[in-house]
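What follows is a single structure, written as structure tokens, with notes after it.
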Amino acid sequence: VGLLGMPNAGKSTFIRAVSAARPKVADYPFTTLAPNLGVVRVDSERSFVIADIPGLIEGAAEGAGLGHQFLRHLQRTRLLLHLVDISPRWEAGDPVREARAIVEELRKYDQALYEKPRWLVLNKIDMVDEAEREAVVKQFVADYGWTGPVFAISALDGTGCSALTYAVMDYLATVDRPAETGAAAPDSEGN
């Protein structure tokens, strides 16, 4: 599973919340300078690997920022989680435009990556007044024009993280794993 999003969307905080990985977390852009991997254990028998890459910015496909160096890591994933910061700090910004910009960078970089299954994960819900959360999520989804799976979480306090990891595990159990490269085909006896 690959994480994508703008710098400071909460990707590293999320991977810390759901796995034993301990990437650096700080309140400034490009805290993550290299990919981080974490194993998410949903129970004693089931787990998956999650990859956190540096945040993407507009122009990443052409080499802007750090993310372009690591977009190829996302090509090996079976599912992308697109983390978007929906905290009130966006009153002066436009999270929908930035979410669209990230998806456009995927399209420009690689059509297959753009077409990969992607879920929308609205992060930092803990910073939204509890009485307004449902309306804020609905408004973002409507403005973004999203029709796929949506999860509202707080990677910081864990709200929604367990439900998301179980949904990811259930999804991964239903999709085929990519064929191993170099694996020998079974012989006529099935060996």
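- Between Thr77 and Val1, every side-chain heavy-atom pair lies at or beyond the 4.5 Å cut-off.
- Arg100 meets the side-chain contact (heavy atoms from CB on, under 4.5 Å) test with Val96, Tyr144; sequence neighbours excluded.
- Taking 4.5 Å as the limit, some side-chain heavy atom of Ser19 sits within range of a side-chain heavy atom of Val40.
- Side-chain contact between Pro117 and Tyr171 is present, with at least one heavy-atom pair separated by less than 4.5 Å.
- At distances below 3.5 Å, not a single donor-acceptor pair connects side-chain atoms of Arg118 with backbone N or O atoms of His82.
- You'll find the side chain of Phe140 stays beyond 4.5 Å of the side chain of Val150, heavy atoms only.
- In Arg41, the CZ atom is not crowded: 12 or fewer heavy atoms of neighbouring residues, nucleotides or ligands sit closer than 6.0 Å.
- At a threshold of 4.5 Å between non-hydrogen side-chain atoms, the residues Asp126 and Thr159 do not count as touching.
- When Asn123, Leu120, Val168 are each tested for a side-chain contact (heavy atoms from CB on, under 4.5 Å) with Leu81, only one passes: Val168.
- Using a 4.5 Å heavy-atom threshold, the side chains of Leu113 and Leu80 count as touching.
- Of the charged side-chain nitrogens involved, none lies within less than 4.0 Å of a carboxylate oxygen, so that Lys11 and Asp52 do not count as a salt-bridged pair.
- Note: Leu156 CG to Cys161 SG = 9.5 Å, rounded to the nearest 0.5 Å.
- Using a 4.5 Å cut-off between side-chain heavy atoms of Ile, Leu, Val, Met, Phe, Trp and Tyr, with links allowed through other members, Tyr166 and Leu79 fall into the same hydrophobic cluster.
- One finds the NZ atom of Lys108 at 12.5 Å from the OH atom of Tyr114 (value rounded to the nearest 0.5 Å).
- Counting only residues at least two apart or in different chains, salt bridge (Lys or Arg N to Asp or Glu O under 4.0 Å) contacts with residues 149-171 comprise Arg46-Asp170.
- At most 12 heavy atoms of other shown residues, nucleotides or ligands fall within 6.0 angstrom of atom CD in Glu130.
- Side-chain contact check for Ile125 versus Val137: some heavy-atom pair is nearer than 4.5 Å.
- Annotation for Glu134: atom CD does not count as buried by contact number, only 12 or fewer foreign heavy atoms lying within 6.0 Å.
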